[in-house]
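Hydrogens, waters and symmetry mates play no part in the numbers below; they use all other heavy atoms, side chains included. One is the number of the first residue; the rest follow in order along the sequence.
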Amino acid sequence: MRYIQKAEYGVPPSTSIDESDPLFVQAIARAMQVLSTFHEAGKPLTLNEIAAAGGMGKSAAQRVVHTLRQLGYIDRDADDRGYVPGIRILDHTRDYLRMNPLVARASPVLMELRRNVRERVDLSLRDGLRLVYAARLQSKRETFFATLVGQSVPIYCTSGGRAVMAHMSDAEVDEIIERSVRREITPKTITDPAAIRAKVQEARENGYALALEEVLQGEIAIATALVAPDGTPLGAIHIAGSLSEWDADSFCRRFAPLAGEAAGAINRF
């Protein structure tokens, strides 16, 4: 079996898989691949769909699905139309969030920031070429899906990604740009390498990064980086609003200082 990692928003896998490693357990990899087939699914999946998306035969998929269902990690949907993730997956999400020291120390700062800005506040963590949302404190406008943790976005075209890249060398930024599958998520998504580099430089000079409608139409977002003691960027704090209520200059004047203060408070721990 070939282990296949799913891509989201055109982001290629962030880790390479060495199946020749004697410690690599194929059965575990197969189980994780079955669970990964749900990442972009919009409905319950049939066994055939899981097998096809997971790159394995139907018989192998059936055994894995049966095992995971017995353990509570996969279930039948309420209308018996196919398979869906099981409730026990949430146990592992909780474990990650409560045991991640950055998330733990950021949480009270994020809640205070949300009270002050009254717009959506997010915490994202870097995973290769993408940022994964570990906290999302919604605003009055948000839809259900916009508030879910675990959503991910590419580094190359997001405010958080540019805030992260602003703390990297030019060579590291170039590598990210080259490895990213740069595609237009919206008509405003910046994909040109020179334009992306200019946005990163702008973030270095301003101390925050700005993105306008590059992932979601009508959205304005600014971000500041969260860094390790050695300066390595770990993720970002985002503040997002609606362009129907804010212009870019007013939004940045109002919220950039608050985002910077919040990031500074977290980084000082």
For residues [X] and [Y], is any side-chain donor paired with an opposing acceptor at under 3.5 Å?
| X | Y | value |
| --- | --- | --- |
| T67 | R63 | no |
| T232 | D230 | yes |
| S169 | E172 | yes |

- Message: For V215 and T186: C-alpha separation, side-chain torsions, deciding distance, then whether side chain to side chain contact (heavy atoms under 4.5 Å, CB included) applies.
- Response: CA-CA 6 Å; V215 173; T186 76; 5.6 Å; no
Side-chain contact, heavy-atom cut-off 4.5 Å: [X] with [Y]?
| X | Y | answer |
| --- | --- | --- |
| Q62 | V65 | no |
| V149 | Y96 | no |
| M111 | L137 | yes |
| Q217 | P187 | yes |
| Q151 | R136 | yes |
| Y133 | V153 | yes |

List the atom pairs, with distances to 0.1 Å, where a side-chain N or O of residues 75-85 and a protein N or O form a donor-acceptor pair under 3.5 Å, not counting sequence neighbours.
unit_1, atom_1, unit_2, atom_2, d
R76, NE, D80, OD1, 2.7
R76, NH2, D80, O, 3.2
R76, NH2, D80, OD1, 3.0
D77, OD1, D80, N, 3.1
D77, OD1, R81, N, 2.5
D77, OD1, G82, N, 3.1
D77, OD2, D79, N, 3.3
D77, OD2, R81, NE, 3.0
D77, OD2, R81, NH2, 3.2

In a table with atom names and distances, give each donor-acceptor pair under 3.5 Å that connects a side chain of residues 43-57 to protein atoms at least two apart or in another chain.
unit_1, atom_1, unit_2, atom_2, d
K43, NZ, E49, OE1, 3.1
K43, NZ, E49, OE2, 2.9
T46, OG1, E49, N, 3.1
T46, OG1, E49, OE1, 3.4
E49, OE1, T46, N, 2.8

Has the side chain of [X] got a donor or acceptor atom that lies under 3.5 Å from a matching backbone atom of [Y]?
| X | Y | value |
| --- | --- | --- |
| E213 | E219 | no |
| Y156 | R183 | yes |
| R126 | G128 | yes |
| D127 | R130 | no |
| S180 | R182 | no |
| N206 | Y208 | no |

- Query: Using 4.0 Å as the upper bound for N to carboxylate O, is an ion pair formed by E214 and R162?
  - Reply: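 Salt bridge present between R162 and E214.
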- State whether R88 and D91 are salt-bridged, where the test is any N-O pair (Lys NZ or Arg NE/NH1/NH2 against Asp/Glu carboxylate O) under 4.0 Å.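 Here R88 does not pair with D91 in a salt bridge, since their nearest N and O are not under 4.0 Å apart.
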- What are the two closest non-hydrogen atoms of P257 and C252, and how far apart are they?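 The pair with the smallest heavy-atom distance is CD-O, 3.7 Å.
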- After noting the C-alpha distance and the side-chain angles of I74 and V64, does the key distance pass the side chain to side chain contact (heavy atoms under 4.5 Å, CB included) rule? CA-CA 10 Å; I74 284 181; V64 175; over 6 Å; no
- Item | Derivation and outcome, side chain to side chain contact (heavy atoms under 4.5 Å, CB included), residues I222 and L210 | CA-CA 5 Å; I222 61 172; L210 171 69; 3.8 Å; yes
Result block: side-chain N/O donor-acceptor pairs under 3.5 angstrom for residues 190-203, not counting sequence neighbours:
unit_1, atom_1, unit_2, atom_2, d
D192, OD2, A194, N, 3.2
D192, OD2, A195, N, 3.0
R197, NE, D174, OD1, 2.7
Q201, OE1, R204, NH1, 3.2
Q201, NE2, E205, OE2, 3.2

- Message: Around atom CG of L90, are there more than 12 heavy atoms from other residues, nucleotides or ligands closer than 6.0 Å?
- Response: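 Above 12, so yes.
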- Item | H238/L131 under side chain to side chain contact (heavy atoms under 4.5 Å, CB included): CA gap, chis, key distance, verdict | CA-CA 11 Å; H238 315 240; L131 294 177; 4.2 Å; yes
